[in-house]
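Input: a single structure, listed below in structure tokens.
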Amino acid sequence: MILIDEPLMYAFVAFWIIWVAVRRKEPGRWLIRFCEGPLMTFAAFMDWNVMRMAGFFVWLSRNPAAALRIKGKEMMLKVEKPSVTPERAAEYERELEETRRRQPIREPMVRLNIGTAMLLVLLFIALYLMAMFIRTWLAP
Amino acid sequence: MIEDLIPIAYRPLLAILCPAIASIFIVLFGKRPNIRESWTMLASILQFLIIFSMVPIIIEGNVIKYTFFTAFPNVDFGFSVDAFGLIFAITSSFLWILVSSYSIGYMRSLHEHAQTRYYFCFAFAIFGAVGVALSGNLLTMFIFYEILTVSTYPLVAHDQTPEALFAGRKYLAYLLTSGVFFLAAVVLTYYFAGTTDFVSGGIPNLVSEASRTALMVLFAIFLLGFMKAAWMPFHSWLPTAMAAPTPVSALLHAVAVVKAGVFGIVRVVCYIYGIDLMHGLGLGLALAFLATFTLIVANLFALAQDNLKRRLAYSTINQLSLIIFGVALLSHEGIVGAMMHIPFHGFMKITLFMCAGAIMVASGKRNISEMAGIGKTMPVTMIAFTIGALGMCALPPTAGYITHHFFVHGSEEAGGTMTLFPYILLIVAILDVMYFFPIIYTAFFEKSEGSRGKSKIKEAPLLMLVPIAITATVSIIFYFYPDMFYISELVETAVRSLGGVHP
């Protein structure tokens, strides 16, 4: 059965082939230029923001307590800044800096290479599954 | 033979364990490449046979269950093989056989380093993918989903160049963040419904236990949990991951990773929420708009790419949204199209990626602008590429044409605003033509710069060429006979089990 959009689709394919055969270049150069320019800039902007979100999660996971305290103070500063004196606002900012300085962002951690890390993750999964399997097996 | 050897209840477990066991032997025989690769081939063939042996049972409307243990009350860690899961499992396991053969040719031709790690992680990725396909509930699916993410990271970063390592980090940043949302959605579903099992037609008490707003928020969290489906704006990990070797790109795009994402979305729509609830909440239309946005913007992004693999990556983003679009229609034809497009797109896209890899191995060319006249020196590869490209443009005689029919009919069947979508599908197909046809034109009709002298470029090794020829042929066979591998029969069984679909 022929669909409503099929004749239009075939017409476009025929148009594309004839255009290329006659003019020796693809139709719709303006669209391609638009895609290469403004649209790719927009794509990079979206990507940057998503990576920032992922970066925030990574930052949060390194020391959640400190991260939440810092974020809380940042929010408080933003909310109260317009309604307090400049001296008080400066004091808030100093407090925030002090919190950032006193509380290490990164918990002490051990660095592993990819292979070892992978092996450890898989080993833990395997151990967990084996433990659960044995538990079920031994259950009356 | 398998019917007599392995009891039915153990087949899902054995099918999943095949690649996991093979991965151990791959490491053990790491220093003997021929034996190492033999294990990969053996495991892939065996896995496919075991999975395929379950087809007659499932087509009769049965479900094969295997429970490992009970993790929480009403939540088992176990497998449940139904028709929809089997479609994904058949696709992944069959394509693993072909990608394994292709990988041997590719990795050896380019003298790639760390081949044992590569084959080990590849087998583990298939373990994750088939685990996702055969999962009986959200918790099991989540565990295999994360295994898939972790095991594919070393594959994406395989080259260990700064670009590859960045791609790997970005891949993890997106997909592990997504995993957090998925876990949250699993916990919330359990909190609301007291179960995370997949139920044909949706979990019955979900609607009574949660408010309308809560269900809508939960659906949004589910969507964020399935960033593997590369819907926009959470798509950019996929083009960046093109830094990986080509067989890995094939794995990402056709066999396992992105398919696990759309598979998850279809599972949530049809087996957690159910068609009626989705329709009642108006989530179908919202999902259709999201998919349509991705469909058009991904195609526009593809137009701007000169790197062949990146262009194909944006094409994948577009095609995945087509699957999401199909299920968002909440109509019989739409869901049939969505389920069918998972294997169909798998075969067509793997053809395109394997062709891109063959071109790179034979000529070292990665950009479309450098491929003038390559169709004359690599005719088999480029004919296969043309078949895959026609499929992406929904043109006959390829599998893509069949599913396009289903999507258009599905839109009309859904009625209301949805009747406008065939025109959007037409625009999408036109954009597909605009970025696929120039590649074919450049390859067959443009003259290469050094065309006067005899070209040294020739076809890729036979181990790479045979899988390309097979997948291209299957892409055409699906047009004439969509029931190959019992795909259409399994789809019908799956949709029938969903009960009443809208309208």
Side-chain angles (χ1 to χ4, degrees), chain A residues 1-13 15-17 20-21 24-28 31-40 42-58 61 114-115 117-119 121-122 125-126 128-129 131-137 139, chain B residues 20 23 67-71 77 114 117 120-121 124 143 146-147 150-151 153-154 157 160 165 168 170 172-174 176-177 180 232-237 239-240 297 299-306 393-395 404-405 408-409 412 422-423 425-426 429-431 433-435 437-438 441 445:
Chain A
M1 195 179 93
I2 299 272
L3 297 171
I4 41 165
D5 62 334
E6 262 183 78
L8 293 170
M9 181 67 189
Y10 296 136
F12 180 77
V13 172
F15 161 76
W16 195 95
I17 292 168
V20 171
R24 298 265 153 214
K25 63 179 180 191
E26 307 149 33
L31 182 64
I32 296 167
R33 271 198 297 276
F34 166 74
C35 295
E36 285 168 349
L39 205 64
M40 290 320 285
F42 171 65
F45 171 76
M46 282 201 310
D47 190 27
W48 183 77
N49 273 299
V50 175
M51 284 303 279
R52 240 184 69 177
M53 192 177 85
F56 171 74
F57 279 117
V58 173
S61 66
I114 301 171
M118 264 286 291
L119 196 70
V121 170
L122 295 173
I125 293 171
Y128 175 72
L129 291 177
M132 297 309 287
F133 188 58
I134 289 167
R135 200 186 75 171
T136 319
W137 191 39
Chain B
S23 66
T67 304
F68 230 147
F69 57 86
T70 302
F77 180 85
R117 182 182 72 192
F120 170 80
C121 292
F124 241 88
I143 291 169
E146 292 306 302
I147 289 174
V150 175
S151 60
Y153 166 70
Q160 291 177 228
L165 291 172
K170 192 169 177 180
L172 274 192
Y174 270 81
L176 290 182
T177 307
V180 174
M232 286 188 167
F234 302 105
H235 66 282
S236 83
W237 62 270
T240 313
V297 179
N299 270 1
L300 291 175
F301 283 174
L303 270 171
Q305 309 302 321
D306 187 34
C393 303
L395 288 170
H404 181 81
H405 252 243
V408 174
H409 279 305
E412 286 163 1
Y423 300 100
L425 290 180
L426 173 68
I430 284 175
L431 288 171
V433 169
M434 283 184 74
Y435 67 80
F437 273 40
Y441 175 76
F445 300 105

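To find a chain, count down the sequence lines: A is the first, B the second, and so on, and within it residues start at 1.
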Can you see which heavy atom on Met434(B) is nearest to which on Pro27(A), and at what distance?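 Minimum heavy-atom contact is CE-O, 3.8 Å.
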Can you tell me how far [atom2] of [Y] sits from [atom1] of [X], rounded to the nearest 0.5 angstrom?
| X | Y | atom1 | atom2 | answer |
| --- | --- | --- | --- | --- |
| Ile430(B) | Phe15(A) | CD1 | CZ | 10.0 Å |
| Tyr441(B) | Arg24(A) | OH | CZ | 4.5 Å |
| Leu303(B) | Leu39(A) | CG | CG | 9.5 Å |

Given a strict heavy-atom distance threshold of 4.5 Å, which part of [X] is in contact with chain A: side chain, backbone, both, or neither?
| X | result |
| --- | --- |
| Leu172(B) | neither |
| Thr70(B) | backbone |
| Phe234(B) | side chain |
| Leu395(B) | side chain |
| Tyr435(B) | neither |
| Ile143(B) | neither |

Find out whether [X] and [Y] are in side-chain contact, i.e. whether some heavy atom of one side chain is under 4.5 Å from a heavy atom of the other.
| X | Y | value |
| --- | --- | --- |
| Ser236(B) | Trp48(A) | no |
| Phe437(B) | Glu26(A) | no |
| Val408(B) | Glu6(A) | no |

Chain A contacts, top residue of Trp237(B), Phe77(B), Phe68(B), Phe301(B) (heavy-atom pairs, under 4.5 Å): Phe301(B)
Checking Met9(A) against chain B: side chain, backbone, both or neither under 4.5 Å from a heavy atom? both
